[in-house]
Amino acid sequence: MELFIVRYDEYRSHYNCALKTDEEWWQEGRPNPYFGYYSVTIGAIYLTLYIPFAMRQPDLYKLSCFKLMFFLGVVDCTSVLINCIYSGIMSVTGAVACPHVDFHYIIGAVSIAIYAFQCSMCVTLAINRCVDLWALEAPKAIFTGSRTYAWVAACALYMAAVFWFGRGCEFSSKAYGFFFDPYFDIDVGPIDRDYYEGYLMYVNNMTAIVLLITIYTILFITLRLKISYYGIRMTGLQLQVLLTAASICCLTFVSAAVYIYMQFFYTPLWLIMAAQITWQSSTGKLRLVPHAETDCFMWRRVHLPGYEQHDTTTCQGPDLRFNTEKL
C-alpha cells in the first residue's frame, strides 16, 4: 500500500485504466457462473463450519495451540471473504482489474497481507506442536500464558509490514485467479510487465513451504520415536497425524508454488483454477478442523511425559485429562 498511498502518481502511471474504455475492459472478462457460484457456496460453508469450532469447550482455550488456532481461524474467515466470496462474485460478473483498479488493488493488498499472516501463524503453530510434543520445560515456556499472544502479535506485525510494503494482486476472470499484473492476458500495448513482480510474496511463499515441510517432518519423526519408545502400536494415531501434516503442507505447497509459477510462466487454466480451489480449501475447514481433531486424538491415545491427571478434560473422552497449566 506504500505505493498506492505515498507514490500515487507512480501507481497511477502503472495502473492506468485509461488505456481502454470501460466497455472494452468488461469485454476482456470471461464470466464463469459455475465457478463463481461454487466459490461463493463453498465460502459460505466454510464460514458456517467455523462457528461450532470457535464455540467448542472453553477449557480448550487454556491450551496455547488452541489460542493460536482461534486467531488463525478468525483471519481465515476474513480470507474466505476474499478468496471465496469476492472471487466468486468477480467470476460471475467476469471482472478484470480495470475499470475499478483502485478497489481491486486494495482488496489484493489485504489478501496478500492476510496470506502472509496465515503462513506465519501456521509455522508458529507447527513450532508450538513440536515444543509440546518434546515435553521440555524450557522450550515450552515460550508459549506459556500471555507469551502465546506475543507470537500472535509478531505475526500481526509481519502482516502489517507485508500490507504496507507489498504489492496488491488483482483478481482476473481471464484465469479466475489473483495476479500482480493488472493487465494479465490483456493486450494494452508496450508496457514493462516486470514492474508488477511481487517479490516479497515469492519469498514468503518459498519460506513457508520450506519451513512447514521441515517442521512437520520433525513433528512426525518425533511422534514416531515417542510411539516406538513407549511400545504403543502404530494404529490410526500416526495415520491421522500424517494425514493432517500432509494436508497442511500439501495445500500450502500447491497453492503457493502454482501462484509463484503462474506469475512468470504460462500456466494452463485448469491448473490455475485448481490452485485457487486449493487456496480456498487451505483457508477453510481443512485448515481448522484437522488441527483440533488431531490434537484431541493424539492426547487421548498417548500419555506423554510432562502430562498428568487433572480435573479439566480438554479433549472429548474420559481417557485423557492433563494439566493445562503446563501448556
Side-chain angles (χ1 to χ4, degrees), residues 1-44 47 75 77-116 159-160 162-198 200-201 259 262-263 267 269 272-273 275-277 279-280 283:
M1 288 300 293
E2 179 269 341
L3 174 65
F4 182 83
I5 296 175
V6 178
R7 296 178 288 150
Y8 187 77
D9 290 340
E10 178 183 344
Y11 162 83
R12 179 53 64 206
S13 66
H14 289 88
Y15 295 81
N16 184 11
C17 291
L19 299 175
K20 293 179 180 288
T21 65
D22 289 2
E23 182 179 354
E24 288 174 332
W25 286 119
W26 282 107
Q27 290 176 350
E28 290 286 349
R30 299 171 183 170
N32 188 334
Y34 299 106
F35 183 72
Y37 290 137
Y38 161 80
S39 297
V40 173
T41 301
I42 200 67
L47 291 175
V75 175
C77 288
T78 306
S79 181
V80 167
L81 293 176
I82 295 176
N83 65 18
C84 290
I85 308 299
Y86 163 79
S87 64
I89 296 174
M90 296 300 102
S91 297
V92 172
T93 58
V96 293
C98 288
H100 307 294
V101 67
D102 291 354
F103 171 75
H104 295 302
Y105 184 88
I106 294 173
I107 293 294
V110 172
S111 69
I112 290 298
I114 289 175
Y115 183 70
M159 176 178 65
V162 171
F163 177 73
W164 180 252
F165 294 106
R167 295 283 178 85
C169 57
E170 296 82 16
F171 183 86
S172 174
S173 63
K174 283 284 191 178
Y176 315 106
F178 287 82
F179 300 88
F180 289 102
D181 185 353
Y183 310 122
F184 171 78
D185 199 25
I186 299 176
D187 183 12
V188 292
I191 59 172
D192 181 15
R193 296 188 182 270
D194 292 338
Y195 177 85
Y196 304 105
E197 302 297 346
L200 181 60
M201 189 47 49
Y259 259 91
M262 71 186 192
Q263 305 297 330
T267 308
L269 178 60
I272 297 176
M273 295 178 69
Q276 179 69 11
I277 293 174
W279 182 26
Q280 293 171 347
T283 56

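For Ile191, the side-chain contact (heavy atoms from CB on, under 4.5 Å) partners two or more places apart in sequence, or in a different chain, are Tyr183, Val188, Arg193, Tyr196. Tyr195 pairs by the side-chain contact (heavy atoms from CB on, under 4.5 Å) definition with Leu3, Glu10, His14, Tyr15, Arg167, Asp192, not counting sequence neighbours. Every residue two or more places apart in sequence or in another chain that forms a side-chain contact (heavy atoms from CB on, under 4.5 Å) with Ser172 is listed here: Val96, Lys174, Phe179, Phe184. Shown here are the salt bridge (charged side-chain N to carboxylate O under 4.0 Å, His left out) partners of Asp22, two or more places apart in sequence or in another chain: there are none. Under the side-chain contact (heavy atoms from CB on, under 4.5 Å) criterion, Ile42 pairs with Tyr38, Ile45, Tyr46, Cys84, Gln280, not counting sequence neighbours.
Counting heavy atoms from C-beta on, the side chains of Asp102 and Tyr8 come closer than 4.5 Å. Using a 4.5 Å heavy-atom cutoff, the side chains of Gln27 and Lys20 are not in contact. In this structure, the side chains of Val110 and Phe163 come closer than 4.5 Å at one or more pairs of heavy atoms. Between Ile112 and Cys169 the shortest side-chain heavy-atom distance falls below 4.5 Å. Taking the side chain as every heavy atom from C-beta outward, Tyr176 and Gln276 never approach each other to under 4.5 Å. Side-chain contact between Phe171 and Ile89 is absent, with no heavy atoms from C-beta onward closer than 4.5 Å.
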Criterion side-chain contact (heavy atoms from CB on, under 4.5 Å) on Phe178 and Ile82, from CA distance to verdict: CA-CA 11 Å; Phe178 287 82; Ile82 295 176; 4.0 Å; yes
side-chain contact (heavy atoms from CB on, under 4.5 Å) between Glu197 and Asp194, worked out: CA-CA 6 Å; Glu197 302 297 346; Asp194 292 338; 4.1 Å; yes
Stepwise side-chain contact (heavy atoms from CB on, under 4.5 Å) check, Leu81 with Tyr86: CA-CA 6 Å; Leu81 293 176; Tyr86 163 79; over 6 Å; no
From CA spacing to verdict: side-chain contact (heavy atoms from CB on, under 4.5 Å), Met1, Phe4: CA-CA 5 Å; Met1 288 300 293; Phe4 182 83; 3.6 Å; yes
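A donor-acceptor pair shorter than 3.5 Å cannot be found between the side chains of Arg7 and Tyr11.
When all heavy atoms of Asp181 and Glu170 are compared, the pair lying nearest together is C-OE1, 4.3 Å. Gly166 approaches Tyr105 most closely through the heavy-atom pair O-OH, 4.2 Å. Closest approach of Ile114 to Thr78, counting heavy atoms only: CD1-CG2, 3.4 Å. When all heavy atoms of Ala116 and Val162 are compared, the closest pair comes out as CB-CG2, 3.7 Å.
A donor-acceptor pair under 3.5 Å links the side-chain atoms of Ser173 to the main chain of Arg30, judged by distance alone. A side-chain donor-acceptor contact under 3.5 Å links Ser39 to the backbone of Phe35.
Contacts classified as disulfide bond (SG atoms under 2.5 Å apart) and involving residues 1-33 (residues at least two apart or in different chains) are given here: Cys17-Cys98.
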